2 protein chains.
Amino acid sequence: MKKHQITILDIARQLNISKSTVSRALTGHPKVSPETRKAVLELAVQMDYQPNMLSVSLVKNKSNTIGVIVPEFMSSFFPQVILGIQQVARMSGYTVLITQCSESYEQEVANARLLLASQVDGLLVSLTKETLNYDHLKIFQRKGIPVVFFNRVCEDMEVPKVIVDDYEGAYRATEHLITTGRKRVAHLAGPATLAISRKRLDGYRDALRRYGIAIDESLIISYDLTMEKVDIYVNHLLNLANRPDALFCINDPTAIQAIQVIKQRGLRIPEDIAVVGFSNDYYSAFIEPSLTTVAQPVQDVGSTAARLLINQIETDCDKPIIKQLKTELIVRRSTV
Amino acid sequence: MKKHQITILDIARQLNISKSTVSRALTGHPKVSPETRKAVLELAVQMDYQPNMLSVSLVKNKSNTIGVIVPEFMSSFFPQVILGIQQVARMSGYTVLITQCSESYEQEVANARLLLASQVDGLLVSLTKETLNYDHLKIFQRKGIPVVFFNRVCEDMEVPKVIVDDYEGAYRATEHLITTGRKRVAHLAGPATLAISRKRLDGYRDALRRYGIAIDESLIISYDLTMEKVDIYVNHLLNLANRPDALFCINDPTAIQAIQVIKQRGLRIPEDIAVVGFSNDYYSAFIEPSLTTVAQPVQDVGSTAARLLINQIETDCDKPIIKQLKTELIVRRSTV
DNA sequence: CTGTTAGCGCATTCAG
DNA sequence: CTGAATGCGCTAACAG
């Protein structure tokens, strides 16, 4: 069976009037007689008429679509962000085209091309851990398509960004570990390519400094966010002659994995070693011991990013604002 | 700044040749001289030319887009399924347009209209818990747009479906509880509107029957999947004069929430009461105690559904196959 | 091999 | 208020 659709022409013929009148009636144009309008509208619903968005977008040079590029879909973080995005997009009459990169730069480039070809009116991006070149995103700017970054932002581009205060969050987390008596706080950091990794690392460092604790570089390990590596690095830390008594992890999945390793080694949490994560993922409260973590306003990240973008689309004013949302330390049993 | 794009015309003018030749060169048409092709291709990349998919889709009456409607985005289940979908879609040259309903029927209808207007070539759907009327989906059939259901399927429509063997999974889970010595197995079921709820309930019932255990209706509670209710119902079960010694939950989030309640009441798991879930969500292994659950091949659900759909789009043969994927019981510490 | 023409479905001129 | 005509960017059929 072939794809068939009802067009304006079909309903124009039925009613024996011109296409333009039908179009006007359908789009709520003022200059059309009440009777004609009524007749058109009724026939339209009766015939299951759906305007062809492709045509509309083509002729208006506006697709009412915003593209989203996220690095991954495994953790609950990005799906949640997307929830926030969709919410405000829908309210403003935009469709959301979601693409996902599985942390691959190549995939990110491919997704960008795709969204460009799809004529999105704006782009919301969070980078993969591999991304170092931004040409595929700069094309959007050059073509006059607004771009807004969120979470994993690009520091090379002068566009609006939505982030959380990673520095502050990391500082508070580390401070919490110190003030609860820990002396040797290790940090399982993210890849240095990501600004969030660097900021969290800075927060960690500054907290130690502030409390007069010498920074031991052997306690800082950067890794690529692949879960298998966590086992290796945590075991390495636990094998150190002068074992750490606390571990601050770049995110919750990392922390949870670390906890598994620590428990397997027969060490007690938090007595032998305290653990804190970052993000407050949905299940972090349920694991044993429940995880102390830095909560981010996940959906807010999405909704503010979308708001910023849509505003830019509709007003053409593009101040490269950086919205920094607050984090909150959630203390649970992995530290106290 | 206004949105501006490079068109075939632009590159045709630069090269002083006709638009059709450019088009042919770009689409890899055989009948075009190597020099022209080379020149066109080079200029195209140099100018950042991106074909306008809206036009292409419009003229070909094919958007190379498949629409996806999922009921929710909070748990990791649907994002994972989507991963599977995207994988095969991308390989076959399709874009995926994802929509999410927050378990609202109205939202589902709105999403369907949107996808229809977007001229998707096919539709992948998993129903919300509220959906009882399927008119918004039948429109696709009527217009000759293939539809494939997955996970939460519609029994009223004769289209391909991808499900897991819910009955079998539930049966095995219940059997496991019985053979490990439980006599009073309760079931926290999903809403009867969903076929998966009914099938899991049937599996549960049949397992009890098979082992000669009388079914106590007071131990079966159907609920609407809103987490807050779990506390109420679990407490109710625990307050029964003849308390259950096992609890089979419709899914993992429910089971995890139930575990929290049980622990708060000071009961031991699995000694006082065993718990089993369904889905094997990512974090189910990490909670305390780790959760015995029925694993589903999540990504496979997505990929097979996508394969079924694309096959239907491209061959026009629409046997309403029902693919039933296998489940696997994962035994962890919440039961033994 | 290449150029010309027509038309996808729609919104938007411009004339009545 | 309504109809006819134009074009969005592109492909396909038809002529050279």
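Chain A is the first sequence line, chain B the second, and so forth, proteins listed ahead of strands; every chain is numbered from 1. Everything quoted here is computed from the prediction, not taken from an experiment.
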- Check ion pair A:R113-A:E108 (N to O, under 4.0 angstrom):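 No, no charged N to carboxylate O under 4.0 Å.
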Measuring from the side chain of [X] (C-beta onward, heavy atoms only), which nucleotide among [options] has the closest atom?
X	options	result
A:R24	D:dG3, C:dC10, C:dC1	D:dG3
A:I17	D:dC10, D:dT2, D:dG3	D:dG3
B:K60	D:dT2, D:dA12, C:dC10	D:dA12
B:T21	C:dC10, D:dG9, C:dT2	C:dT2

Let me know the distance between [atom1] of [X] and [atom2] of [N], rounded to the nearest Å.
X	N	atom1	atom2	value
B:M53	D:dC10	CE	P	11 Å
B:L26	C:dT2	CG	P	14 Å
A:I11	C:dG9	CD1	P	15 Å
B:N52	C:dC8	CG	P	18 Å
A:L54	D:dC8	CG	P	18 Å
B:H4	D:dG9	NE2	C1'	13 Å
A:N61	C:dC10	CG	C1'	14 Å
A:N16	D:dG3	CG	P	9 Å

Could you check whether [X] gets within reach of a base, just the sugar-phosphate, or nothing at all, counting any heavy atom under 4.0 Å?
X	value
A:L58	base
A:V56	sugar-phosphate
B:T36	sugar-phosphate
A:S57	nothing
B:V32	sugar-phosphate
B:S33	sugar-phosphate

- Message: Pick the closest DNA chain C nucleotide for A:T27 and for B:V59 by heavy atoms, then say which residue is nearer the 5' end.
- Response: B:V59
- Item | Residue closer to the 5' end of DNA chain C, B:P30 versus A:Q5 (nearest nucleotide) |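 The residue mapped nearer the 5' terminus is B:P30.
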Phosphate oxygens OP1/OP2 of [N]: is one of them under 4.0 Å from a side-chain N or O of [X]?
X	N	result
B:S23	D:dC10	no
B:Y49	D:dC10	yes
A:S20	D:dT2	no
B:S18	C:dG3	yes

- Under 3.5 Å side-chain donor-acceptor pair for A:Q312 and A:T315: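 Distance-only check fails for A:Q312 and A:T315.
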- Query: Between B:S23 and B:S20, is any side-chain donor less than 3.5 angstrom from a side-chain acceptor?
  - Reply: no
- Message: Could you tell me if the side chain of B:I85 sits less than 4.5 Å from the side chain of B:S303, heavy atoms only?
- Response: no
- Message: In the structure I gave you, are the side-chain heavy atoms of B:S118 and B:L97 within less than 4.5 Å of one another anywhere?
- Response: yes
- Message: Tell me if the CD atom of B:Q324 is crowded by more than 12 foreign heavy atoms within 6.0 Å.
- Response: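 Enclosed: over 12 neighbouring heavy atoms sit under 6.0 Å from CD of B:Q324.
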- Message: Between B:S55 and B:H29, which residue's closest nucleotide on DNA chain D lies nearer the 5′ terminus?
- Response: B:S55
- Item | 5'-most by nearest nucleotide on DNA chain D - A:P34 or B:T7 |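 Of the two residues, A:P34 wins.
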